[in-house]
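Worksheet for the structure shown next.
A, B, ... follow the sequence lines: proteins, then strands. Residue 1 opens every chain.
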Protein chains: 2
Amino acid sequence: MSGTRDAILDVVEELIETRGYNGFSYSDIAERIGIRKASIHYHFATKADAGAASVARYAERIEEAIGDALASPSPDYWAILDAYVQPFAAFADSGSRICLCGALGGEFGALPEPIQARVAAFFREHEAWLAQLFAAGRDDGAFAFAGDPIVLSKTYFCAFQGALMVQRATGDPSQLRDCMRSLTEALNSAA
Amino acid sequence: MSGTRDAILDVVEELIETRGYNGFSYSDIAERIGIRKASIHYHFATKADAGAASVARYAERIEEAIGDALASPSPDYWAILDAYVQPFAAFADSGSRICLCGALGGEFGALPEPIQARVAAFFREHEAWLAQLFAAGRDDGAFAFAGDPIVLSKTYFCAFQGALMVQRATGDPSQLRDCMRSLTEALNSAA
DNA sequence: GTCTATACAAAGATAGAC
DNA sequence: GTCTATCTTTGTATAGAC
């Protein structure tokens with residue numbers, strides 16, 4: 001049992017979401033959880049290890065939340081989409097955080113390779129899942145759009161990742177909401 | 001005459017676009033232009049100064065390129081939009097760079113305040129300009145979309161900023177292209 | 001305007017006691 | 001598991017010669 005390990009991951013997650021991977025140090029972590037820098041190395045040998053573990057836990061937690069929603073007998077596609085977006089909307093409300101992977105995307109070239117790989121996988125998996133959702137939802141009649149579900153899923157994902165980033169920077173409280181409205185319309189705009 | 005000053009700004013720009021603000025040092029700059037670290041301080045007292053100057057120059061260069069396209073007698077709105085997007089598409093082609101301000105958006109909380117301010121202004125200005133373009137283009141009959149031009153401009157801007165980030169991370173060469181296709185359709189999708 | 005030399009703090013990491 | 005102590009390297013910045 002290691003509550004400290006989880007506490008470290010919690011703090012690392014928050015630090016990356018607010019400051020990026022290269023914007024914090026072991027000192028920052030130590031201060032926030034009230035231990036010494038050296039103690040962190042017991043749980044994570046290197047900063048890259050802590051970062052990679054944080055991204056992995058984040059990605060898995062979100063994937064778990066999505067779960068097998070699409071496998072249910074008669075899915076409510078709009079509800080599934082709402083549930084998917086909700087954790088990301090929480091970032092926008094925070095005023096200081098964005099999606100962990102979106103934050104890392106900005107400094108991609110300066111990330112340790114294992115972190116790069118996990119971030120890239122996150123993007124691919126989420127776009128693929130959205131494409132599945134959109135395709136199934138259109139088959140079901142819940143969504144009505146022309147064109148390739150894959151193309152729409154890419155646009156949807158990129159738009160809300162971008163919206164989180166822009167909303168935090170500008171402070172415009174309706175940035176994400178406005179983008180989501182457009183994207184919702186795109187899902188409703190029959191051929 | 002200070003060719004060195006411009007050389008420094010060129011390098012800082014490239015370093016931010018590939019690695020983010022906290023992902024490079026005065027050493028990196030010095031190595032690339034073949035001078036000593038200390039010499040950089042003659043041109044920019046602090047790293048924050050160099051960063052702020054780099055963002056300012058970048059933002060002004062792009063604004064200049066946009067110019068007063070909208071003020072011309074009978075503007076070709078599609079051509080103006082293509083010209084606007086082109087420099088950003090070049091980032092996608094590079095495989096390693098993204099928009100300088102998009103890169104900085106990921107580590108926003110770890111940026112010096114003057115840089116934060118300039119990045120936020122960049123986002124606001126570009127969304128406002130796009131909104132103007134979309135509104136005028138619809139009045140002209142070049143574009144056909146329902147809804148608020150401001151809402152569409154936010155979605156457009158966020159989607160392509162996000163697409164640059166995702167394309168670099170995943171290596172998917174059609175990420176930006178697919179997003180642009182969706183967005184183009186949105187501008188053509190009458191009520 | 002660029003150099004050498006140096007200061008000073010911070011970062012990531014290790015050794016070994018408790 | 002956490003501590004103190006320490007090491008090494010790097011990052012940013014300054015002083016002063018050329």
Can you measure [X] atom [atom1] to [N] atom [atom2] for me and round it to whole angstrom units?
X: B/R5; N: C/dT2; atom1: CZ; atom2: C1'; answer: 17 Å
X: A/E31; N: C/dA11; atom1: CD; atom2: P; answer: 9 Å
X: B/Y21; N: D/dG11; atom1: OH; atom2: P; answer: 13 Å
X: B/N22; N: D/dT12; atom1: CG; atom2: C1'; answer: 13 Å
X: A/K37; N: D/dC7; atom1: NZ; atom2: P; answer: 14 Å
X: B/I29; N: C/dT2; atom1: CD1; atom2: P; answer: 14 Å
X: A/Y26; N: D/dT6; atom1: OH; atom2: C1'; answer: 18 Å

Parallel, tilted or perpendicular: which describes the rings of [X] and [Y], with under 30° parallel and over 60° perpendicular?
X: B/Y84; Y: B/H126; result: tilted
X: A/F134; Y: A/F145; result: perpendicular
X: A/Y21; Y: A/F24; result: perpendicular

A/R36, CZ: over 12 other non-hydrogen atoms inside 6.0 angstrom: no

Is it true that atom CG of B/D68 has more than 12 heavy atoms of other residues, nucleotides or ligands lying nearer than 6.0 Å? no

Should the pair A/E63-A/R118 be classified as a salt bridge under the 4.0 Å nitrogen-to-oxygen rule? yes

Does a nitrogen or oxygen in the side chain of A/S27 sit under 4.0 Å from OP1 or OP2 of C/dA11? yes

Which residues, if any, of residues 39-55 of chain A bring a heavy atom under 4.0 Å of DNA chain D? A/S39, A/Y42, A/H43

Where the side chain of B/S25 is concerned, which of D/dG11, C/dT4, C/dG12 is the nearest nucleotide? D/dG11

